[in-house]
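Below is one structure, written out as structure tokens; comments come after it.
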Amino acid sequence: MLQAEVAEQAGSLEKFNTNKLRSEILFKGMDNVKLENIDKNGDVYTARPNASIHIPLNNEQVKAGETILKMSLKNLTTGSLMLNINGTNFEKRSVNNIYSYPKDNYAFNVQNLQNDRMINISLSPGQYSIKDVEVLFNSYEKYTDSVNELKQSELKKIHYDENSLQGCI
């Protein structure tokens with residue numbers, strides 16, 4: 001659910017208070033992850049064949065909501081990425097590819113963690129920079145309250161195209 005915006009011009013909108021975000025941090029950093037077939041040298045991680053990262057989640061209570069894995073990830077060897085996160089494949093083409101977008105910061109929705117409470121990431125071989133790993137949980141418990149609060153400043157006179165969404169608040 002959209003909770004903030006980027007405005008082209010300064011206006012009368014009040015700055016979004018990040019304390020209003022209702023995300024629970026389940027995991028942060030790389031200290032307690034389990035690395036398989038990966039060597040670490042400073043901030044560089046070298047993945048061999050069948051490399052994987054296992055991120056444990058310590059919360060015991062499973063509630064309705066979404067689990068988001070945020071991370072900065074860059075393949076220092078080829079620039080391309082081949083990941084499998086809990087059974088879902090992700091591919092990012094090399095920056096030299098015409099269809100590639102230069103992006104290193106990602107947010108993955110990793111659902112269905114009820115049973116094993118672990119995020120499993122398989123990496124293709126190469127050297128990687130991995131930073132800012134964080135797992136967040138957004139509960140659906142107060143979803144109706146959030147929707148009603150956001151209705152107070154709904155977007156009107158909406159205009160959109162392939163690259164933007166505009167309107168008045």
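At distances below 3.5 Å, at least one donor-acceptor pair connects side-chain atoms of N86 with backbone N or O atoms of N120. A donor-acceptor pair under 3.5 Å is absent between the side-chain atoms of S139 and the main chain of G65, judged by distance alone. In this structure, the side chain of N41 does not engage the main chain of V44 through any donor-acceptor pair within 3.5 Å. At least one donor-acceptor pair closer than 3.5 Å links the side chain of K40 to the backbone N or O of G42. Not one N or O on the side chain of D104 forms a donor-acceptor pair closer than 3.5 Å with the backbone of S72.
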Start with the C-alpha gap between I53 and L35, add the side-chain angles, then the distance that decides, and say whether side-chain contact (heavy atoms from CB on, under 4.5 Å) holds. CA-CA 5 Å; I53 299 171; L35 303 175; 3.8 Å; yes

Can you check side-chain contact (heavy atoms from CB on, under 4.5 Å) on Y106 and L81, steps first, answer last? CA-CA 12 Å; Y106 301 95; L81 295 173; 3.6 Å; yes

side-chain contact (heavy atoms from CB on, under 4.5 Å) assessment of T67 paired with L26: CA-CA 9 Å; T67 305; L26 302 181; 4.3 Å; yes

Step-by-step side-chain contact (heavy atoms from CB on, under 4.5 Å) determination, K74 to L76: CA-CA 6 Å; K74 184 176 186 177; L76 303 173; 4.2 Å; yes

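With contacts defined as side-chain heavy-atom distances shorter than 4.5 Å, the pair F108/L83 qualifies. In this structure, N50 and R48 have side chains that are not in contact, with every pair of non-hydrogen atoms separated by 4.5 Å or more. At a threshold of 4.5 Å between non-hydrogen side-chain atoms, the residues I130 and M71 count as touching. Using a 4.5 Å heavy-atom cutoff, the side chains of L136 and I25 are in contact.
To the nearest 0.5 Å, atoms OH (Y45) and CG (L73) are separated by 11.0 Å. Atom NZ of residue K34 and atom CD1 of residue I55 lie 13.5 Å apart, to the nearest 0.5 angstrom. The CD1 atom of I121 sits 9.5 Å away from atom NE2 of H54, with the distance rounded to the nearest 0.5 Å. For the atom pair CD (Q166) and NE2 (H159), the distance works out to 5.5 Å, reported to the nearest 0.5 Å.
Around atom CD of E36, more than 12 heavy atoms belonging to other residues, nucleotides or ligands sit under 6.0 Å away. Within 6.0 Å of CG in D43 there are 12 or fewer heavy atoms belonging to other residues, nucleotides or ligands.
Applying the side-chain hydrogen bond (donor to acceptor under 3.5 Å, both in side chains) test to S129 and every residue at least two apart in sequence or in another chain returns nothing.
I38 and S52 make their closest contact through CD1-O, 3.5 Å (heavy atoms, listed as atom of the first residue, atom of the second, distance). Nearest approach of S124 to A47, heavy atoms of both residues: O-CB, 3.7 Å. Nearest heavy-atom pair across N75 and T77 is OD1-N, 2.7 Å.
Residue V33 is grouped with residue V133 when hydrophobic side chains (ILVMFWY) are merged at heavy-atom distances under 4.5 angstrom, including chains of intermediate members. V110 and L57 fall within the same hydrophobic cluster, defined by Ile, Leu, Val, Met, Phe, Trp and Tyr side-chain heavy atoms under 4.5 Å apart, directly or through other members.
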